[in-house]
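In what follows, a single structure is set out as structure tokens and then discussed.
In what follows, chains carry the letters A, B, and so on, assigned in the order in which the sequence lines appear, proteins first and then strands, with residues in each chain numbered from 1.
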Amino acid sequence: MLDKRYDHLLVEKDRYKEWVDKGYFKGGQDKSKPPFSLVIPPPNVTGKLHLGHAMDTIPDDIVARYKRMKGYDVVWVPGVDHAGIATQAKVEERLRKQGISRYDLGREKFLEIAYQWKEEYAATIHRQWASLGLSVDYSRERFTLDEGLQKAVKRVFVTLYNEGLIYRGERIINWDPELRTALSNIEVVHSDDEGEFFYFSYPVEGMDPLIVATTRPETMFGDAAVFVNPKDPRFKDYVGKMCVNPANGEKLPIMADRYVDISFGTGAMKCTPSHDPNDFNLAKKYGLPFKTILDETAHMTADCGKYAGMDRYECRKALVADIRSKGLLVKIEKIVHSVGHSERSGAVVEPMLSKQWFVKMRPLAEAVLKMMESKDKIHFHPTRFEKVLVRWMKEADDWCVSRQLWWGHRIPAYYDKETGEVLVSETEPDMNKYVQDEDVLDTWFSSALWPFATLGWPEKTPDFERYFPTSLLVTGYDIIFFWVSRMVFQSLHFTKEVPFRDVLIHGLVRDPQGKKMSKSAGNGVDPMDIIAKYGVDALRYYITTSSSPGLDMRYNEEKIAAARSYLNKIWNAARYVEMTIGEGFEPKPLSRRGLSTLDRAILSKLARLIRKVESKMERYEFGAASSALYSFVYDDFCGDYLEMSKVILLAGGEEAEKTKNVLYHVLMSIVKMIYPYAPFVSEEIYLSLPGHLESLNVETYPSLPRSYVDYESEKKAGILRAMIRDVRNYKSENSLEPNAKVILHVAPSFPFKGIDAFLSRFLFASKVAEGTPEKKATSFAYPGGYELFIEEEIDKAELKKRLMGEREHLLSEVARGKKILSNEGFLKKAPKEKVELEKAKLLDNESKLSSVENRLSSLD
RNA sequence: GGGUGUUUAGCUCAGUGGGAGAGCGCUUCCUUCACACGGAAGAGGUCACAGGUUCGAAACCUGUAACACCCACCA
């Protein structure tokens, strides 16, 4: 027997371990079942789990549990991501607190410490998966740096290199001077920062000086020219002349190119080939010299005269002061401009000319675009995110994949110690002759292989054959570029298949004000706190049902409390059913034979509900599925059926036994349908019920044949329910006590077995008579022409007022019905059922109206 | 500069052509033997605005406004 109250701490205790130990989550145990596979979005080994992880994994878990019940062989591969930059930054930060830099330790020792870090955090992540109740298959767990992934990464790198899709080149890249590594374009986040726009005077022999504006004076040491637009009349005579760089006195050619925007700044632009991507292009075009004037920590190089060794901002300040003292500073304007910051360190990114490895994107991207136009395309939910992928694939520049870090997949490129010739190879060459590239790969390079590499690729393993492509990926819209797109093109290129058939995109959890949750803002919520307070089932329910797919949600603790109340409701309904059916109850198979109208009605609703919930679950519409179940639980099951069935149960006899069986089966169905959302509490209820298997984890999804759908019984039960509500409302409006005795009449005879008993129990009817009463009485009309009369002396004025209001409402309803039914367009074009429905409604409303009018006239 | 989303009850949000819904909050009443994490009965919305399509629009189309987000090399 269940306790009076649902206590999530008791319910969740030790349960997960038991499930794992019993092997319920292990895939591949029955290969006669159709496969269904997922991979977890591997969390970074950088810290604690947050609500974003819950958003990533709980929908996966709901689908996995649902699919198991539907008879699939589910494999859900778990794992963690080494998260190159992020982890290295954290490890370095920890070391720094001990006064150690990574350079003090050296590569090998540093990696040892990083691996320790990984073990530490992987353990935390495991505990948190357990707290969330994720039904992942631990026998298939992977890590983005494990042996298999290393093999896959090498295979991919070497193959792409041999195909000419990976190359090493000198280009302007985004440099993070804090972490001292190159970054890809999407690892740079732009923000509108306040800055200064400096106008300097560049002397020109025999002419007025040229005024050039810049936000970055310190880069003037790397300038190679000044550009103007060829169509700009102001500078017609300047082109071809030389001007003097006020920073160092060097002469710079004045050149013309259409790239220059006439209306921006002064119309004259300085060109710094090594520190600006556009200037780089111009310099290439015109053969200008490249001079690097910033080092890897963004300090000025030896080429910068007395400023050598200064930090870039220090130099800017000093240089501007010096130019001012020479009288060459014209003015300084405040400006808000877009500045790139490192996603990880926050440092202002420095565009630098640097030799890095790149993945050539065009051919890979084209394959994605082609796939997304074919009938075998990947289906995104919601579909609009397909556009996000497509747009990014259309625009993507070559991907800089080398990182000047230690924590990651080392690039399998080797350089001949004598000739410097490069050798790219999966196997290590003679290391006496060669030295390996120092750099590692972008973390996303290995994450991109996750769906197929975790299943065994490049080997043709049984898992790979059976479970790839995976069925579903769940992730946030914020990493479509970083992760989803890269998995797609790598998978298409190397397996010739999509990595997953469906992608379910979720939004972000924001704080109650709608702000992004972040550590620095201190507005984050620890899922572990929620779980401790409300239980993980309530969290799971909340996360998956309180928002629409793809939209952000605001964290709302009240809704978590509401979710817990809901689970408590189910818990108590179960408790009641257990008490009612009693010890030793043996469930029998359901049969419609000999069932009461009430039983038929609830089973009819259940049959329809199961179909609806299933169709929503199949489309990953958890909100819609759960709200259908929710209203069934509250309104139909607890509100109506449980209460009304008490009448039958009290009467006892064979009918009562049948009702007990129905109670049991309906409850079981509810428990099974809520199970994917709330596995812990449903397991507890399930195991306390008779006729259970060893665990809900091995149960099948409920089903009821269509023959159980019985609208006639639903309608009758609905009328009874309406009668009860009407009389209660009548008492309330007429200031009668809810248990005030009334005499009721129903006419004509309502074919509902034991109606007297129902009405006397719920309405405190002292007598239920058939036929129209002799005395004047208030009446209510119902579909099918049934009327209910209440005998009770009440305030005539009040009654009249109420009836007038009701008449008004009915008149408008009748008018509306007549209008729509006299509308030829409607009669012709609307679906037949709709027309019939309207006709029936009109008839009902007319009969109600005439009843109300009779009552009114009898009052006068 | 380009793109996407949002605008529905006091608050947070569902609702993809056929009489406006949920949770919380609010009003009145009720500890009756499943549940006060509860029950009964209620109040509360020109569905942002303006046009259009349709027999019928919160929903579809076109514009407008406000807010949010993404992308982009304007020095």
Without decimals, in angstroms, what is the distance between [X] [atom1] and [N] [atom2]?
X: A:Phe280; N: B:rC74; atom1: CZ; atom2: C1'; value: 19 Å
X: A:Arg216; N: B:rC73; atom1: CZ; atom2: C1'; value: 14 Å
X: A:Tyr630; N: B:rC13; atom1: OH; atom2: P; value: 18 Å
X: A:Arg575; N: B:rA34; atom1: CZ; atom2: C1'; value: 6 Å
X: A:Tyr555; N: B:rC13; atom1: OH; atom2: P; value: 14 Å
X: A:Met393; N: B:rG3; atom1: CE; atom2: P; value: 20 Å
X: A:Leu642; N: B:rG38; atom1: CG; atom2: C1'; value: 13 Å
X: A:Met352; N: B:rC73; atom1: CE; atom2: P; value: 19 Å

Could you tell me if the side chain of A:Thr545 sits less than 4.5 Å from the side chain of A:Tyr630, heavy atoms only?
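Side chain of A:Tyr630 against side chain of A:Thr545, heavy atoms only: no contact under 4.5 Å found.
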
Any heavy-atom pair between the side chains of A:Asn281 and A:Tyr259 that's under 4.5 Å?
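No, side chains not in contact.
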
Using a 4.0 Å heavy-atom cut-off, does [X] contact any base of the nucleic acid, only the sugar-phosphate backbone, or nothing at all?
X: A:Asn556; result: sugar-phosphate
X: A:Arg725; result: sugar-phosphate
X: A:Phe481; result: sugar-phosphate
X: A:Cys638; result: base
X: A:Ala562; result: sugar-phosphate
X: A:Glu813; result: base
X: A:Val577; result: nothing
X: A:Pro351; result: nothing
X: A:Arg564; result: base
X: A:Ser548; result: sugar-phosphate
X: A:Lys4; result: sugar-phosphate

Do the side chain of [X] and the base of [N] come within less than 3.5 angstrom through a donor-acceptor pair of N or O atoms?
X: A:Tyr576; N: B:rC35; result: no
X: A:Lys569; N: B:rC35; result: yes
X: A:Glu643; N: B:rA34; result: yes

Comparing A:Ser565 and A:Arg510 on RNA chain B - which has the more 5′ nearest nucleotide
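Looking at the nearest nucleotide for each, A:Ser565 comes out on the 5' side.
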
Heavy-atom nearest nucleotide on RNA chain B for A:Ala561 versus A:Ala268: which residue maps closer to 5'?
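Between the two, 5'-proximity favours A:Ala561.
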
According to the Watson-Crick and G-U wobble definitions, with both distances under 3.5 Å, which nucleotide is paired to [N]?
N: B:rA9; result: none
N: B:rG63; result: B:rC49
N: B:rU4; result: B:rA68
N: B:rG38; result: B:rC30

I'd like the [atom1] distance from [M] over to [N], given in whole Å.
N: B:rU28; M: B:rA36; atom1: P; value: 22 Å
N: B:rU6; M: B:rG45; atom1: P; value: 26 Å
N: B:rA9; M: B:rU46; atom1: C1'; value: 14 Å
N: B:rC55; M: B:rG63; atom1: C1'; value: 26 Å
N: B:rC61; M: B:rC67; atom1: P; value: 24 Å
N: B:rA14; M: B:rA20; atom1: C1'; value: 12 Å
N: B:rG21; M: B:rA59; atom1: C1'; value: 14 Å
N: B:rU12; M: B:rC26; atom1: C1'; value: 16 Å

Side chains of [Y] and [X]: any donor to acceptor distance under 3.5 Å?
X: A:Glu386; Y: A:Thr383; result: no
X: A:Glu196; Y: A:Thr215; result: no
X: A:Ser485; Y: A:Trp392; result: yes

So, does A:Asp279 use its side chain to make a donor-acceptor pair with the main chain of A:Pro273 at under 3.5 Å?
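Not at all, since once roles are kept as given, no pair shorter than 3.5 Å links the two residues.
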
Which of these nucleotides, [options], is closest to any side-chain atom of [X]?
X: A:Leu551; options: B:rA75, B:rA14, B:rA34; value: B:rA14
X: A:Tyr259; options: B:rA34, B:rC73, B:rG5; value: B:rC73
X: A:Glu558; options: B:rA14, B:rC73, B:rC24; value: B:rC24
X: A:Arg554; options: B:rC71, B:rC29, B:rC13; value: B:rC13
X: A:Lys559; options: B:rC29, B:rC13, B:rA41; value: B:rC13

Is any side-chain nitrogen or oxygen of [X] closer than 4.0 Å to OP1 or OP2 of [N]?
X: A:Arg391; N: B:rG3; answer: no
X: A:Asn568; N: B:rG38; answer: no
X: A:Lys829; N: B:rC55; answer: yes
X: A:Lys646; N: B:rA34; answer: yes
X: A:Arg5; N: B:rC37; answer: yes

Can A:Lys741 be said to sit on top of A:Phe764's aromatic six-ring, NZ or CZ under 6.0 Å from centre and within 45° of the ring axis?
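Cation-pi check for A:Lys741 and A:Phe764: fails.
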
Could you tell me whether A:Lys646 sits above the aromatic face of A:Tyr576, with NZ or CZ closer than 6.0 angstrom to the six-membered ring centre and within 45 degrees of the axis?
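Yes - A:Lys646 lies over the ring of A:Tyr576, closer than 6.0 Å to its centre and within 45° of its axis.
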
How close do A:Pro382 and A:Ile505 get, heavy atom to heavy atom, and via which atoms?
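Closest pair (atom of A:Pro382, atom of A:Ile505, distance): CD-O, 4.1 Å.
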
